[in-house]
Amino acid sequence: MPAGNSAPVTQNEIDVTVHAQQAFDEAVTALNQIVSGVFDSQQQLTTNAMVTTAGERFGMAVVQWTQDFEDLRSTLNWMSMQLGDTAAKLRASNQQSEEMAAALPTFTGP
């Protein structure tokens, strides 16, 4: 919702925000599985198969790759957390608006 806009947030906006959060959560989970597999492979290759200079270089390349990969995973995780916080604030704002409206007196005609 843009700053200064006092219009109520629709349930659809909340649903879209939650759906986006879930997509980021799924991406983070998938990335966690990928990096785990890469670490396992790197460990096996550099200790059992590639025990030469090539193995050492490969191991260093994997370490650099995983650091870059972690930056991506961390950013996606941060986005997921931000979307979750946004959805919670939107819900709270709507709830407050409903409570304020319910507290208004009911006017009856003459």
Side-chain angles (χ1 to χ4, degrees):
M1 180 166 63
N5 185 354
S6 61
V9 176
T10 65
Q11 184 60 45
N12 184 58
E13 290 172 288
I14 295 170
D15 292 344
V16 167
T17 303
V18 169
H19 181 73
Q21 179 197 15
Q22 291 168 343
F24 277 98
D25 283 343
E26 290 171 10
V28 170
T29 298
L31 292 177
N32 286 338
Q33 293 171 349
I34 291 168
V35 79
S36 177
V38 168
F39 269 138
D40 290 346
S41 296
Q42 183 256 358
Q43 180 68 26
Q44 290 175 2
L45 284 173
T46 57
T47 58
N48 297 329
M50 298 175 75
V51 293
T52 63
T53 304
E56 182 180 335
R57 286 187 179 179
F58 174 76
M60 291 186 326
V62 169
V63 168
Q64 179 61 47
W65 179 87
T66 54
Q67 289 171 346
D68 293 343
F69 198 83
E70 175 56 22
D71 289 344
L72 173 63
R73 191 206 64 77
S74 174
T75 299
L76 292 176
N77 191 53
W78 178 83
M79 288 294 297
S80 173
M81 291 177 359
Q82 292 299 309
L83 287 165
D85 290 347
T86 299
K89 288 176 184 174
L90 292 174
R91 282 190 196 104
S93 176
N94 272 3
Q95 180 63 34
Q96 183 180 17
S97 295
E98 290 173 11
E99 290 169 359
M100 288 172 54
L104 292 174
T106 304
F107 294 101
T108 56

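Just so you know, these numbers use all the heavy atoms, side chains as well, and skip hydrogens, waters and symmetry mates. Nothing here was measured: the structure is a model prediction, and the numbers come from that model.
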Check for a donor-acceptor pair, side chain of E13 on one end and backbone N or O of T10 on the other, with a separation under 3.5 Å. yes
Under the criterion side chain to side chain contact (heavy atoms under 4.5 Å, CB included), I'd like the reasoning laid out for R91 against I14: C-alpha separation, chi angles, the key distance, then a yes or no. CA-CA 7 Å; R91 282 190 196 104; I14 295 170; 3.9 Å; yes
Show the numbers, then the answer: is there a side chain to side chain donor-acceptor pair (under 3.5 Å) between D68 and Q64? CA-CA 6 Å; D68 293 343; Q64 179 61 47; 3.1 Å; yes
Value for OG1 (T29) from CD1 (I34), rounded to nearest 0.5 Å, stands at 11.0 Å
Sidechain-backbone polar pair: S36 side chain, N32 backbone, donor-acceptor under 3.5 Å: no
Quick one: CG on L31 to CZ on F24, what's the gap to the nearest 0.5 Å? 11.0 Å
Taking C-beta and beyond as the side chain, do R57 and T53 meet within less than 4.5 Å on heavy atoms? yes
If two hydrophobic side chains count as joined below 4.5 Å and joins carry through other members, does M81 share a cluster with L90? no
hydrophobic_cluster_shared for W78 and L72, side chain cutoff 4.5 Å: yes
For the backbone of K89 and the side chain of S93, can you confirm whether one donor and one acceptor N or O come within less than 3.5 Å of each other? no
Among D85, T86, N12, find the residue that satisfies the side-chain contact (heavy atoms from CB on, under 4.5 Å) test when tested with T17. T86
Please report the shortest heavy-atom distance between A87 and V18, naming the atom on each side. CB-CG2, 3.7 Å
Distance from Q22 atom CD to D15 atom CG, nearest 0.5 Å? 9.5 Å
State the CD-CG distance between E70 and N77, to the nearest 0.5 angstrom. 9.0 Å
